[in-house]
Amino acid sequence: MSGTLPFLAACRREPTPHTPIWIMRQAGRYLEEYRAVREKVDFLTLTKTPELAAEVTLQPIRRFALDASILFSDIMTPVEGMGIELDFNPGPVITNPIRSQAQVDALRIPDPEENVPFVMETIRILRRELPAHVPLIGFGGAPFTLFCYAVEGKGSKTFSTAKSFLYGEPDASHALLGKLGDMVGAYLEAQAQAGAQALMVFDSWAGLLGPGDYRRFALPALERVMARIVPLGLPIIYFPNQGSTLLESVRTLPVDVVGIDWRLPLSEARRILGPEKAVQGNLDPAALFAPPSELLRLAGEVLDEAGPAPGHIFNLGHGIERTTDPDQVARLVDFVHEESARRKNR
Ligand code: 1CP
C-alpha cells in the first residue's frame with residue numbers, strides 16, 4: 001500500500017519504522033552518470049525528452065536507498081507556454097523579461113497537457129519504472145520565486161530589478177503573481193493526474209521578503225495555488241528557502257510539510273509551526289564535505305533536533321552541491337535509516 005510508504009506516512013505525521021530521506025537536486029552534476037547524459041544533450045532538451053528525463057530521475061534511486069524520487073524538470077519549464085521566452089545558461093535566462101502591465105496582460109494560462117506534454121509523459125514513464133516502494137514527487141515553483149526570474153530575467157543574489165518592480169508597480173506585480181499562481185496550480189494538478197504521489201512547491205527566493213511584504217505579495221498567490229491542489233488529497237510540501245522569519249505566516253498555509261533550510265534548528269521550526277505540520281530538512285549541504293565521522297555527527301544533530309515525534313523527512317537544507325562525493329551521500333542515507341530505526345526501537 002502506497003499509503004504506508006515511510007515518505008508518504010511521514011508527510012501525514014504518521015509513525016514510520018525509520019526516518020525517510022531524499023535529497024534536493026538528487027539528480028544532477030555530482031553524479032557521473034548524469035554528466036554522461038548532459039554531454040550528449042543540453043539541459044532544455046533533457047527536460048523535454050521524457051525517456052531521458054525519466055532516466056536521470058532514476059539514476060540516484062539506483063545508487064542510493066532513497067525514500068522518494070523527484071521528477072527531473074525545472075521550476076521554469078512551464079512558463080514558456082505563458083509567453084515567457086526561456087533558455088538555460090546554466091540557470092534560467094528570460095529573453096523578454098516582464099516589466100510592464102501590458103506584458104502581464106498578454107501572458108496566457110496554458111493547458112498543461114498541451115503546454116508541457118513531455119512532463120506528463122515523464123511522470124507516466126516513471127510510475128511504470130520506479131520501484132513500488134519509491135514514491136514520485138511532482139513539483140513547481142512558488143509564484144513569488146517564478147516572479148523573481150520572470151522580471152529579473154536571470155538569477156541574482158538580490159533580485160533588485162524584480163523587487164523594484166514589486167514595490168514600484170504593485171498592481172502589475174499582483175496581477176503577474178496571480179497569473180503565475182493560476183498557471184502553477186493547473187500545472188501541479190496535471191502532474192497529480194499523471195501520477196505524481198506528492199507535490200512540492202519551491203519558494204527558493206521567499207527569504208528576499210520581510211514578513212509584511214511576504215503576506216502582501218507572496219502569500220495571496222500561494223493561496224491560489226493551494227486552493228487548486230489541496231482538494232486533490234496528495235501530501236503537499238512547501239519550501240520557503242531562508243524563510244525562518246516567515247514561518248508564522250507559513251503556519252496558516254494548508255500544506256502538510258514545510259521544508260526548512262539549515263539556518264534554523266528543526267526544534268525551533270517545529271515550535272513555530274505547531275504540531276499540525278511535518279518538517280523536511282535540514283542538513284547543511286556543506287556537511288557532505290566533512291570527514292565521514294563529522295558528517296554523521298552533524299546528521300545525528302539533525303535527528304536530535306527533529307526529536308521523536310512523527311513527521312520528519314530528512315533532507316538537506318538546500319540543493320546538493322555539484323562537487324559532492326556520491327559516497328558521502330550513500331553514507332548519509334544509510335546512517336539516517338539505521339540511526340533513526342535504532343532510536344525508534346529504544
Ligand atoms: O545540468 C545542468 O547544468 C542544469 C542544472 C540544473 C538542474 C540539474 C538546473 C538549471 N535545473 C536542474 C534541475 C532541477 N531544478 C530540479 C530537478 C530535480 C531534483 O531535485 O533532482 C529541481 C527540483 C529544480 C528546481 C529549481 N530550479 C529551483 C528550486 C530549487 C532550488 O534549488 O532552490 C530553482 C531556483 C531553479 C532555477 C535553476 N535552474 C537551474 C539552475 C542552475 C537554477 C538556479 C539558478 C540561480 O542560481 O538562480
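Just so you know, ligand 1 is whichever comes first in the structure, and atom 1 is the first atom listed for that ligand.
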TODO: Tell me which protein heavy atom sits closest to atom 25 (C) of ligand 1, plus the residue, atom name and distance to 0.1 Å.
DONE: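 Protein heavy atom with the smallest distance to atom 25 (C) of ligand 1: Ile75 CG2, 3.7 Å.
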- [ ] Name all residues meeting the side chain to side chain contact (heavy atoms under 4.5 Å, CB included) criterion together with Asp284; count only those two or more places apart in sequence or in a different chain, and write none if there are none.
- [x]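 Here the qualifying residues are Trp262, Ala286.
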Task: Pairs meeting criterion salt bridge (charged side-chain N to carboxylate O under 4.0 Å, His left out) with involvement of residues 147-175, two or more places apart - done: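 Residue pairs passing salt bridge (charged side-chain N to carboxylate O under 4.0 Å, His left out), neighbours aside: none found.
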TODO: Check the angle between the aromatic planes of Tyr30 and Phe64 and answer parallel, tilted or perpendicular using the 30° and 60° thresholds.
DONE: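 The arrangement is parallel - the two ring planes meet at less than 30°.
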For ligand 1, is any non-hydrogen atom under 4.0 Å from [X]'s backbone (N, CA, C, O), its side chain (CB onward), both, or neither?
X     : value
Arg29 : side chain
Leu71 : backbone
Tyr34 : side chain
Ser73 : backbone
Arg38 : side chain

Task: Pair Tyr167, Asp213: side-chain N/O donor-acceptor within cut-off below 3.5 Å - done: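 The criterion, which ignores hydrogens and geometry beyond distance, is satisfied for Asp213 and Tyr167.
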Could you tell me if any non-hydrogen atom of [X] lies under 4.0 Å from any atom of ligand 1?
X      : value
Gly319 : no
Tyr149 : yes
Asn241 : no

Open item on the list: Can a donor-acceptor pair be found, under 3.5 Å and without considering hydrogens, that links the side chain of Asp203 to the backbone of Phe144?
Closed with: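 No; judged by distance alone, with no hydrogens or angles, the pair does not exist.
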Task: Sub-4.0 Å atoms of ligand 1 with respect to non-hydrogen atoms of Pro92 - done: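 That gives atoms 37 (C), 38 (C), 39 (N), 43 (C), 45 (C) of ligand 1.
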